[in-house]
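Sequence positions, counted from 1, serve as the residue numbers for this chain. These numbers were taken from a predicted model, which means no experiment stands behind them. Values below: every heavy atom of this structure, side chains too, minus hydrogens, waters and symmetry copies.
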Amino acid sequence: MRKFITNGPGLPKWSSPISHAVVVNDICYLSGQLSVNEDGHYVPGTSQEEATRAFANLFSAIHAAGFEIGDLTFIDIAFVDLTDLPEVNAVYANLFPEGYRPARTIYQAAALPYGARVKVMGVAIRDGSVTR
């Protein structure tokens, strides 16, 4: 069974024809989220501000799909400038305390939509046997 999440509370309206998340059984694949508001307009800011808003959008997508933040198993973070990593790490450490941090990759992208500095995406797995 597949469930396509295109809208829900707190989710920005997309101008692109994509889903915020796609659920297949107990796995939720989350599309890349940027620092955009509910109207889908890019909100520029520092790397910390953009990461905070992007993660809020990611968490809204998780909840709209019927998952919890604790179900996140993998996070992927794209940066336009890797020198922003320390600021984004500070946001990440606050959102995911030690012992509850998903696996993560980071990379530098040549450019992100709207001129954004940070994009986050992830995978969540709902499994009652996972220790939280």
hydrophobic_cluster_shared for [Y] and [X], side chain cutoff 4.5 Å:
X   : Y    : answer
L34 : V120 : no
F67 : L11  : no
I27 : V22  : yes
I5  : V24  : no

Check: Y42/E50 side-chain N/O donor and acceptor closer than 3.5 Å: yes
Taking the side chain as everything from C-beta on, heavy atoms only, tell me whether [X] gets closer than 4.5 Å to [Y].
X    : Y    : value
E49  : T52  : no
L58  : I75  : yes
L82  : Y107 : no
V36  : V43  : no
I106 : L85  : yes

Keeping the roles fixed (side chain from [X], backbone from [Y]), state whether a donor-acceptor pair exists under 3.5 Å.
X    : Y    : result
N94  : V91  : no
R101 : F96  : yes
S31  : S19  : yes
T73  : P102 : no
H41  : N37  : no

Derivation of the side chain to side chain contact (heavy atoms under 4.5 Å, CB included) call for I125 and D71: CA-CA 5 Å; I125 299 175; D71 294 328; 6.0 Å; no
Test side chain to side chain contact (heavy atoms under 4.5 Å, CB included) applied to K119 and V80, step by step: CA-CA 9 Å; K119 178 176 79 170; V80 171; over 6 Å; no
Which atom names give the shortest non-hydrogen contact between [X] and [Y], and what distance separates them?
X    : Y   : answer
A61  : Q33 : CB-NE2, 4.4 Å
G10  : N57 : O-OD1, 4.0 Å
V118 : I77 : CG1-CG2, 3.9 Å
V23  : C28 : CG2-SG, 4.1 Å
T83  : D81 : OG1-OD1, 2.8 Å
E68  : H63 : OE1-NE2, 3.9 Å

Nearest 0.5 Å, what's the [atom1]-[atom2] distance between [X] and [Y]?
X   : Y    : atom1 : atom2 : result
L72 : Y100 : CG    : OH    : 15.0 Å
S47 : F79  : OG    : CZ    : 7.5 Å
I69 : L95  : CD1   : CG    : 8.0 Å
Q48 : Y92  : CD    : OH    : 16.0 Å

R117 bridged to D84 by N-O distance under 4.0 Å: yes
